[in-house]
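Counting starts at 1 for both ligands and their atoms, following the listed order.
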Amino acid sequence: MSKQRVLSGMRPSGKLHLGNLVGALDNWKKLQNDYECFFFAADWHALTTEYNSPGNIKENIQEMMIDWLSVGLSPEKCVLFVQSRVKEHAELHLLLSMITPLPWLERVPTYKEQQQELTSLDLSTYGFLGYPLLQTADIIIYKAHKVPVGIDQVPHVELSREITRRFNFFYGPVFPLPEPMLTEVPKLLGIDGRKMSKSYDNAIYISDPPQEIRTKVSQMFTDPNRIKRTDPGNPDLCNVFAFHQVYSPPEIVEEVRADCRCAAIGCVEDKRNLAENIICYLMPIHEKRASYLANPRMVEEVLEDGCYKARGFAAQTMEEVRTAMKIV
Ligand code: SF4
């Protein structure tokens with residue numbers, strides 16, 4: 001039986017942090033073994049909000065790809081490509097725009113929320129409104145069955161399903177209905193206790209050298225109720241402990257849990273241990289990074305091959321779409 005297809009993408013914002021690693025890449029690594037996976041750098045999506053400062057999109061794609069490959073995404077197992085290099089996404093986006101009622105896009109929760117939050121940007125653009133439609137084109141052009149998403153992205157996949165249903169109703173059953181694939185992922189906050197994000201300057205990056213990791217971990221917020229060294233702590237309220245659960249061996253996690261509760265270990269010492277465990281975890285990833293950095297041509301070759309495969313698939317789908325819409 002042929003494998004089901006999975007599609008997911010990431011905006012190219014440059015180097016990735018540990019939140020991206022546990023939130024998406026670790027899951028992608030597992031999926032590539034069981035599904036036919038297409039993973040892409042969503043550079044057109046980046047322009048929906050950063051149209052006035054495209055900055056270093058090309059360099060950011062390169063940086064992001066090095067992280068993807070170094071953490072274990074394998075071009076032998078999945079297709080890695082860049083959205084803007086597969087022009088068929090834009091064609092399908094245009095054709096879908098003909099059948100998509102405007103209110104469907106206006107009622108997407110993130111549309112209003114982001115307009116209110118990102119007040120420094122003028123987001124009253126068609127590109128921003130049409131972002132979930134482009135996302136639909138990204139998904140269905142590969143006839144993806146599953147889309148790994150966080151809970152906040154489920155409404156987008158629901159919209160994609162509605163649009164797909166409408167297309168199939170008008171023109172015939174060209175596309176399977178994509179389904180959201182919800183995965184439980186550990187929640188790692190930034191070193192200041194807020195969501196880990198480049199814009200908050202609170203992230204630990206996959207590429208951070210050991211000394212930087214030690215410095216950042218030493219600055220991490222801990223259980224806010226543990227003021228003095230002699231106070232017992234509550235690991236469940238501590239971001240450092242959340243990191244232990246991902247990066248430390250299980251027996252150490254249990255030891256920290258017990259020692260923290262009876263103040264047998266101090267936060268300074270515990271953070272020092274955690275930093276070493278993160279460094280140890282990242283060591284093989286850093287070795288791979290070094291080899292890709294020394295040979296950027298290898299990354300470009302992966303992308304060329306991935307874009308070629310993605311274009312082949314997308315072109316075939318567009319043949320079917322044009323035939324169904326009688327615009328051959
Ligand atoms: S000992 Fe570790 S887990 Fe406990 S509060 Fe301090 S940093 Fe957090």
For Y308, is the OH atom crowded, meaning more than 12 foreign heavy atoms sit under 6.0 Å from it? no

Contacts of D138 meeting salt bridge (Lys or Arg N to Asp or Glu O under 4.0 Å) (sequence neighbours excluded), chain-then-number -> none

For I252, the other hydrophobic cluster members (4.5 Å side-chain criterion, sorted by chain and number) are F241, V253, V256

So what's near atom 8 (Fe) of ligand 1, protein N, O or S atoms under 2.8 Å? C238 SG

Report the relative orientation of the aromatic rings in Y126 and H93; use parallel for angles under 30°, tilted for 30 to 60°, perpendicular for over 60°. parallel

Can we call the ring centroids of F128 and Y111 under 6.0 Å apart? yes

Sequence neighbours excluded and cut-off under 3.5 Å, please list the side-chain donor-acceptor pairs for residues 142-151, or say none.
residue : atom : partner : partner atom : Å
Y142    : OH   : H89     : NE2          : 2.8
K143    : NZ   : V174    : O            : 3.4
K143    : NZ   : E320    : OE1          : 2.6
K143    : NZ   : E320    : OE2          : 3.3
H145    : ND1  : R5      : N            : 2.9
K146    : NZ   : E179    : OE1          : 3.3

